[in-house]
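Only a predicted model underlies this, so the values are computations on that prediction, with no experimental measurement involved. Below, chains carry the letters A, B, ... as their sequence lines are ordered, and counting in each starts from 1. Atoms considered below: every heavy atom in the structure, side chains included; atoms not considered: hydrogens, waters and symmetry mates.
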Amino acid sequence: EAQVTQNPRYLITVTGKKLTVTCSQNMNHEYMSWYRQDPGLGLRQIYYSMNVEVTDKGDVPEGYKVSRKEKRNFPLILESPSPNQTSLYFCASSLSVYRGRETQYFGPGTRLLVL
Amino acid sequence: DAKTTQPPSMDCAEGRAANLPCNHSTISGNEYVYWYRQIHSQGPQYIIHGLKNNETNEMASLIITEDRKSSTLILPHATLRDTAVYYCIVRPAGGTSYGKLTFGQGTILTVHP
């Protein structure tokens, strides 16, 4: 089944303890992206990647890192999590960003609580 | 980036058509209009997109005005499972900003029995 998977789905951690949220897609998509969702703020893009080894900042990149060493995986890294990073996180992917292939498919979400 | 404006909430009776408006008066000529929806904290789901012509698929229809400053998403026969937040998004044009999608507040559609 074509899908975007995220792990873990739920995570409780403490301030400063490095964590990684994994994202994987099995659709051979070039484009991948991370969003966070907070009440009253809608979805905001954190980082995106046009292809392997090509990443760029979204609207709210502070406090996050990403890497794209292979096409299928796009992990989100929080080097030193803080309580303001408590949020619902979504990974998304699309075949590309060019006409006709730009529809983004979203993962199920990762709910993170930083104490 | 072109901004979008949507009503915060709408109601619809089950079986009737739901018409969700979106204003995007600053849209550029090569920017697409996308619609997604999100059901109760699940991942957003793609619905439909268009450039300037009206579009229809198995889920919905998209009507874009001739001046492209506004659009309407139509769910022809709304069901209770269509209750969700609906997002209208304008996809930026050109270069590396192609990847950036900005979600607004969306419209909460509630379908009543």
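- Atom CD1 of A:I12 has 12 or fewer heavy atoms from other residues, nucleotides or ligands within 6.0 Å.
- Between A:R111 and B:S41, the closest heavy-atom pair is NH2-OG, 3.6 Å.
- Only the side chain of A:L88 comes within contact range of chain B, with heavy atoms under 4.5 Å apart.
- Note on A:V66 and A:Y35: separate hydrophobic clusters, where clusters join Ile, Leu, Val, Met, Phe, Trp and Tyr whose side-chain heavy atoms are under 4.5 Å apart, directly or indirectly.
- For a residue to count as touching a neighbouring chain, one of its non-hydrogen atoms must lie under 4.5 Å from one of that chain's; by this rule A:Q37 touches chain B with the side chain only.
- A distance of 11.5 Å separates CD1 in B:I47 from OG1 in A:T103, rounded to the nearest 0.5 Å.
- With hydrophobic clusters built from ILVMFWY side chains whose heavy atoms lie under 4.5 angstrom apart, B:I108 shares a cluster with B:I89.
- Residues A:V60 and B:Y87 fall into different hydrophobic clusters, defined by Ile, Leu, Val, Met, Phe, Trp and Tyr side chains chained together at heavy-atom separations under 4.5 Å.
- For the pair B:Q38 and A:F90, the minimum side-chain heavy-atom distance is below 4.5 Å.
- Aromatic pair B:Y36/A:F106: ring centres closer than 6.0 Å.
- Taking hydrophobic clusters as Ile, Leu, Val, Met, Phe, Trp and Tyr residues chained together by side-chain heavy-atom distances below 4.5 Å, B:V111 shares a cluster with B:W35.
- For a residue to count as touching a neighbouring chain, one of its non-hydrogen atoms must lie under 4.5 Å from one of that chain's; by this rule B:Q42 touches chain A with the backbone only.
- Within 6.0 Å of the CG atom in A:L19, the count of heavy atoms belonging to other residues, nucleotides or ligands exceeds 12.
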